[in-house]
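One structure below.
All residue numbers refer to positions in the sequence shown, counting from 1. Bear in mind the structure is a predicted one, so any value in this text is a computation, not a measurement.
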Amino acid sequence: MAATATWQPQEQGFKEICGLLEQQISHSSSADKAQIWQHLQHYSQFPDFNNYLAFIFSRAEGTSVEVRQAAGLYLKNNLRSTYKSLLPAYQQYVKSELLPCLGAADRHIRSTAGTIISVVVQLGGVSGWPELLQALVTCLDSNDLSHMEGAMDALSKICEDIPQVLDAEVPGLAERPINIFLPRLFRFFQSPHASLRKLSLGSVNQYIMLMPTALYVSMDQYLQGLFILSNDPNSEVRKLVCAAFVQLIEVRPSFLEPHLRNVIEYMLQVNKDTDDEVALEACEFWSAYCDAQLPPENLREFLPRLIPILLSNMAYADDDESLVEAEEEGSQPDRDQDLKPRFHVSRFHGSDEIDDDDDDVVNTWNLRKCSAAALDILSNVFGDEILPTLMPIVQAKLSTGGDDAWKEREAAVLALGAIGEGCINGLYPHLAEIVAFLIPLLDDKFPLIRSISCWTLSRFSKFIVQGIGHPKGYDQFDSVLMGLLRRILDDNKRVQEAACSAFATLEEEAAEELAPRLEIILKHLMLAFGKYQRRNLRIVYDAIGTLAEAVGGELNQPVYLDILMPPLIEKWQQLSNSDKDLFPLLECFTSIAHALGTGFSQFAEPVFKRCINIIQTQQFAKADPVAAGVQYDKEFIVCSLDLLSGLAEGLGSGIESLVSQCSLRDLLLHCCVDDAPDVRQSAFALLGDLARVCPIHLHPRLSEFLEAAAKQLEISKVKEAISVANNACWAIGELAVKVRQEVSPIVLTVISCLVPILQHAEGLNKSLIENSAITLGRLAWVCPELVSPHMEHFMQPWCTALSMIRDDVEKEDAFRGLCAMVKANPSGALSSLVNMCTAIASWHEIRSEDLHNEVCQVLHGYKQMLRNGAWDQCMSALEPPIKEKLSKYQV
């Protein structure tokens, strides 16, 4: 088949491909879909297969639209992988066949053509297809609806997928494509056809973030267009108008400032739109306004009108999926699709764990949630000012009687929870009344009122716990505690979930205050453990883990362990090593091991051995899933490593007998060089924990561990996985203080990585800076002769980092390093004495007597070294509070 401009399909090939496509899409055809797929794959080996697809799509008039569309979609997917390797003549053929389809009589063909065109532009750019821009302009200017719609459809897809290509110089064009299209898009804002109004507005909206010059200079025209479309009869168009205002307030609020009153008035009006999707888009505006930190006073006068709208939108819509879920009985087993994805956060060693607040990712966003979120943000911005408007409505809703008004009552409880943080000052004097009102609602006949009352009480838990000191406050805390425990045993799954989550929040706030009630809490949690279906079991595990962290060693009593451990161990024995329900149980055991400390030793051996087993199985599965008989899933490794860390931390040197009789060392080294960052992150955390309690067992492969850890500190690695670098850095420091001189082969490699981290501290995570400063100090302490010659390169940023660290053993080690280096190379710190003095002054008090004396010697040494007023000059450069702090070292 010669590659000429006049490529022609062969009749037989054409018929066979059409036949296959027909079978592919026919629902009735019993032909094996996989077989058809293989036939099509066979054809796709031919260099002109895409030409056939393009021909069928654009010219096969006698064939059904469905087959033509299928050819088009197949062509789109095929081009993604083959376009760049096609002969130029074939690329040209496909492109020339697509353009006439822009004006096709059938809407489906037009739309599919638009999709394929957007993909070709993604792959080959605009400059390689000058005819496209001309064709789009011709169609847009044609006044023929099919042509205008087809071109607009393609253009809108290009704007959505690759907006930047239209705002770039194109060889041979006098101006950027966006300058040619924008006036035409604005003109379509006033088209009588809703489809054109919608596509043109959607296309322009794609440029708010990029803000090309063309849009910037025609902003007035754009805003005028938005105001004209603001009351469009088509709800899709109104939704896009709201979306535009929301994006503008986020990205370019200055453009809206002159029109702000009108925009707010409009948003108030559409926030009540009969179409919920339009109202939802409008509702996003209030949070966006507050997040952009614009002056609150511009919103203030509208609050009396806005708050009632938000409240009325907080009631459940009749079609809310939660209403269906709430009917489900607790005894019904969960289906696999009910189980939300879970995210295990790998162990992180440091002060500011990278926080992840997004528990609710999986739930659908809707008008109710958006309105509650807006009220929450408004309460944080305006505080108690909103109460005079809000509370009368809340009180009225709460007092509505009758079964049919339950959604109003529920929305009022949600509102109280939403303002629980922002308006706490104004609510605090009435907190006892509010709590007293909410507790009976925990027993309401409507499950969604029971569940929302759990959540709202949890929003006040900090203040409920604060009141424990006086008798009334303790009674209140106790009745909330008992009320939530009752709801944990509710028969309704939705209520169980809300009660467990609320209880976990209360546990975190109450901590050791829970000790007197431990027995009754454990009994309720273990009853729930026996009663719950799979999905909510995860939340019980979480509540048990949180309880262990909250009460710590208090848990270590036979009466409590006899309630807690047998059911957990039974579950542990039921689950296979490849069952994902093991993850939350492993996490739960990690918290318990940590809380019980050596008290966990009676349970440790089977737990330890199983973790080793799981890691072995998974490493085997990674290499050969068929032979291992399980699918590889790295999360099993991460959770097992973290549980082993919990054991090492809890049992201390008591873990040594377990480590000595297994292959943990080799498994761990494998994990330290794994390609998955979260596996490496947990592996280095465990390496550091083992270095603390049984370094002797790491010894035979020490140099490999150190090399693997040092590799994580190369600047490219730090950028791609900061948490891995953080843990590796900490582990090196822990190993150094245990094996001393034996770290010497990697000292200079590590130092050369730590110095740039300290020099560019601004953009990096606080924990990594602290760990880098401590590890550098620990290496200097064990190998001062290697580190001290390089002091002047890092003294200043290092001392700055040291002065940010709170007093603890790790900081002591780092300062031992400082003293050791100064002894070895006193002149190395001369140019950074002020920084060194500031770092020394950051100690509240050095507990270790010998370190205190060493620091005194260092300061006195410099005082003697710097004669002729040089020492006094250095002292005068210090801030008065720092000089004050140095006085305890008698200088």
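Of the possible donor and acceptor atoms, none in the side chain of Gln247 sits under 3.5 Å from a partner among the backbone N and O of Met209. The backbone N or O of Ala418 lies less than 3.5 Å from a partner atom in the side chain of Arg459, making a donor-acceptor pair. Looking at Ser379, its side chain does come within 3.5 Å of a backbone N or O of Asp376 through a donor-acceptor pair. In this structure, Arg409 contributes its side chain and Thr400 its backbone to a donor-acceptor pair below 3.5 Å. Looking at Asn205, its side chain does come within 3.5 Å of a backbone N or O of Leu240 through a donor-acceptor pair. No donor-acceptor distance shorter than 3.5 angstrom exists from the side chain of Tyr74 to the backbone of Leu53, with no hydrogens or angles considered. A donor-acceptor pair under 3.5 Å is formed between the side chain of Thr138 and the backbone N or O of Gln134.
Across every non-hydrogen atom of Gly103 and Ser146, the tightest pair is O-CB, 3.9 Å. Smallest separation of non-hydrogen atoms from Leu310 and Leu375: CD1-N, 4.2 Å. Annotation for Cys290 and Leu378: closest pair SG-CD2, 3.9 Å, computed over non-hydrogen atoms. What you find for Asp153 and Gly114 is that their closest heavy atoms are OD2-CA, 3.8 Å. Scanning all heavy atoms of the two residues, the minimum distance from Leu136 to Ala154 falls at CD2-CB, 4.2 Å. Val217 and Ala214 get closest at one heavy-atom pair: CG2-O, 3.4 Å.
A salt bridge links Glu265 with Arg305; the closest basic N to acidic carboxylate O contact falls under 4.0 Å. In this structure, Lys407 does not pair ionically with Asp320, as no charged nitrogen and carboxylate oxygen lie closer than 4.0 Å. A salt bridge links Arg110 and Glu149; the closest N-O separation between the charged side-chain nitrogens and carboxylate oxygens is under 4.0 Å. At a threshold of 4.0 Å, the pair Asp232-Arg197 counts as salt-bridged, since one of the basic side-chain nitrogens sits closer than that to a carboxylate oxygen. Under 4.0 Å is where a charged nitrogen must lie from a carboxylate oxygen, and between Lys239 and Glu281 no such pair does.
Residue-environment remark: CZ (Arg107) stays at or below the threshold of 12 foreign heavy atoms within 6.0 Å. Within a 6.0 Å radius of NZ in Lys397, more than 12 heavy atoms belonging to other residues, nucleotides or ligands are found. Atom CD of Gln164 has more than 12 neighbouring heavy atoms from other residues, nucleotides or ligands inside a 6.0 Å radius. Open room surrounds CZ on Arg59; 12 or fewer heavy atoms of other groups in view lie less than 6.0 Å from it.
With a 4.5 Å cut-off on side-chain heavy atoms, Ile180 and Leu166 do not count as touching. The shortest side-chain heavy-atom distance between Ile109 and Phe57 falls under the 4.5 Å cut-off. Looking at Met152 and Ser203, their side chains come closer than 4.5 Å, going by heavy atoms from C-beta outward. With contacts defined as side-chain heavy-atom distances shorter than 4.5 Å, the pair Tyr93/Asn50 does not qualify. Residues Met148 and Arg184 are not in side-chain contact: their nearest non-hydrogen atoms beyond the backbone lie 4.5 Å or more apart. For the pair Trp129 and Leu98, the minimum side-chain heavy-atom distance is below 4.5 Å. Side-chain atoms of Leu294 and Leu260, non-hydrogen and from C-beta on, never get closer than 4.5 Å to each other. Between Arg187 and Asp141 the shortest side-chain heavy-atom distance falls below 4.5 Å.
Side-chain contact of Asn271 with Trp286: a donor-acceptor pair under 3.5 Å is present, judged by distance alone. Between Asn425 and Asp384, the side chains place no donor N or O within less than 3.5 Å of an acceptor N or O (distance only, hydrogens not considered). Using modelled atom types, one finds no donor on one side chain facing an acceptor on the other under 3.5 Å when comparing Glu257 with Asn298.
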Yes or no on side chain to side chain contact (heavy atoms under 4.5 Å, CB included) for Cys18 and Glu22, after CA distance, side-chain angles and deciding distance? CA-CA 6 Å; Cys18 280; Glu22 197 144 336; 5.5 Å; no

One pair to check against ring-ring contact (aromatic ring centres under 6.0 Å, His included): Phe255 and Tyr216. What are the steps and the verdict? CA-CA 9 Å; Phe255 288 138; Tyr216 190 91; 5.3 Å; yes

Walk me through it: do Phe227 and Phe245 pass the test ring-ring contact (aromatic ring centres under 6.0 Å, His included)? CA-CA 10 Å; Phe227 287 126; Phe245 285 138; 5.7 Å; yes

Given salt bridge (charged side-chain N to carboxylate O under 4.0 Å, His left out), test Arg238 with Asp275 step by step and report yes or no. CA-CA 10 Å; Arg238 295 198 302 281; Asp275 184 309; 5.5 Å; no

Does the side chain to side chain donor-acceptor pair (under 3.5 Å) test come out yes or no for Lys157 and Ser111, once each step is laid out? CA-CA 10 Å; Lys157 284 168 181 162; Ser111 174; 3.3 Å; yes

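In this structure, Phe189 and Tyr222 have tilted ring planes: the angle between them lies in the 30° to 60° band. Ring-plane geometry between Tyr289 and Phe285 is classed as tilted, the angle between the planes lying from 30 to 60 degrees on a 0 to 90 degree scale.
Rounded to the nearest 0.5 Å, atoms CG (Leu457) and CG (Leu416) are 10.0 Å apart. Rounded to the nearest 0.5 Å, atoms CG (Leu448) and OG (Ser453) are 10.5 Å apart. Taking SG from Cys283 and NZ from Lys272, the interatomic distance works out to 13.5 Å, rounded to the nearest 0.5 Å. Between the OG atom in Ser156 and the CD atom in Gln206 there is a gap of 8.5 Å [rounded to 0.5 Å].
Geometrically, Arg368 engages Tyr316 in a cation-pi contact defined by less than 6.0 Å to the ring centre and at most 45° from the axis.
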